[in-house]
Amino acid sequence: SLGGRRALQLLRAAPASAADDHCYSAAIRACATSGETGEAVGLLREMAERGMPPSAHAYCAAICAHRKDGRVDEAIALFSELAAGGAAGRGEAGRGEAGRGE
């Protein structure tokens with residue numbers, strides 16, 4: 001879909017130093033909205049590989065992608081990963097999208 005592809009293009013074009021959690025979270029959300037669940041989850045994993053622990057916002061966007069696809073087990077697995085410390089030290093758990101029940 002155009003939204004997810006465009007978000008990925010922008011993320012890839014950004015200097016590595018500028019691609020922060022907000023950029024990744026926005027790209028994950030765009031992929032989720034566009035039905036590109038694999039890309040959304042791939043970006044979440046890429047964040048960790050780059051030494052950038054995904055925030056609760058990034059996890060919630062990927063969880064929403066699974067939810068939209070009807071992949072309940074995968075959504076629960078990501079939520080469990082988040083609850084086990086996926087966003088540890090970020091001070092974001094329980095805020096934002098997770099707090100709104102999205």
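Heads up: numbering here begins at 1 and tracks the sequence. Keep in mind that this is a model prediction, so the values were computed, not measured. Hydrogens, waters and symmetry mates are skipped; everything else that's a heavy atom, side chains included, is used.
To the nearest 0.5 angstrom, Ile28 atom CD1 is 12.0 Å from Thr37 atom OG1. Taken to the nearest 0.5 Å, the SG atom of Cys60 stands 10.0 Å off from the CZ atom of Arg67. With rounding to the nearest 0.5 angstrom, the OG atom of Ser25 is 10.0 Å from the CG atom of Leu43. Residue Asp73 holds its CG atom at 11.5 Å from CG of Leu78, rounded to the nearest 0.5 Å. To the nearest 0.5 angstrom, Arg5 atom CZ is 13.5 Å from Leu10 atom CG. Going from atom CD of Glu49 over to atom CG of Leu44 covers 10.0 Å, rounded to the nearest 0.5 Å.
Tracing side-chain contacts under 4.5 Å through hydrophobic residues (I, L, V, M, F, W, Y), one never reaches Tyr59 starting from Ile76; they form parts of separate clusters.
Side-chain atoms of Asp20 come within 3.5 Å of backbone N or O of His22 as a donor-acceptor pair.
Take Arg50 and apply the salt bridge (Lys or Arg N to Asp or Glu O under 4.0 Å) test, not counting sequence neighbours, and it matches no residue.
For the residue pair Met47 and Pro53, the shortest heavy atom distance occurs at CE-O, 4.4 Å. Contact detail for Ala32 and Ala61: the closest heavy-atom pair is CB-O, 3.6 Å. Across Glu36 and Leu8, no two heavy atoms sit closer than the pair OE1-CD1, 4.5 Å. For the pair Leu11 and Ala19, the tightest heavy-atom approach, listed with the atom from each and the gap, is CD1-CB, 4.0 Å. What you find for Ala7 and Ala27 is that their closest heavy atoms are CB-CA, 3.9 Å.
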Let me see the working for Val41 and His66 under side chain to side chain contact (heavy atoms under 4.5 Å, CB included), right down to the final yes or no. CA-CA 9 Å; Val41 175; His66 280 310; 3.4 Å; yes
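By the 4.0 Å N-to-carboxylate-O rule, Glu39 lies too far from Arg12 to be salt-bridged with it.
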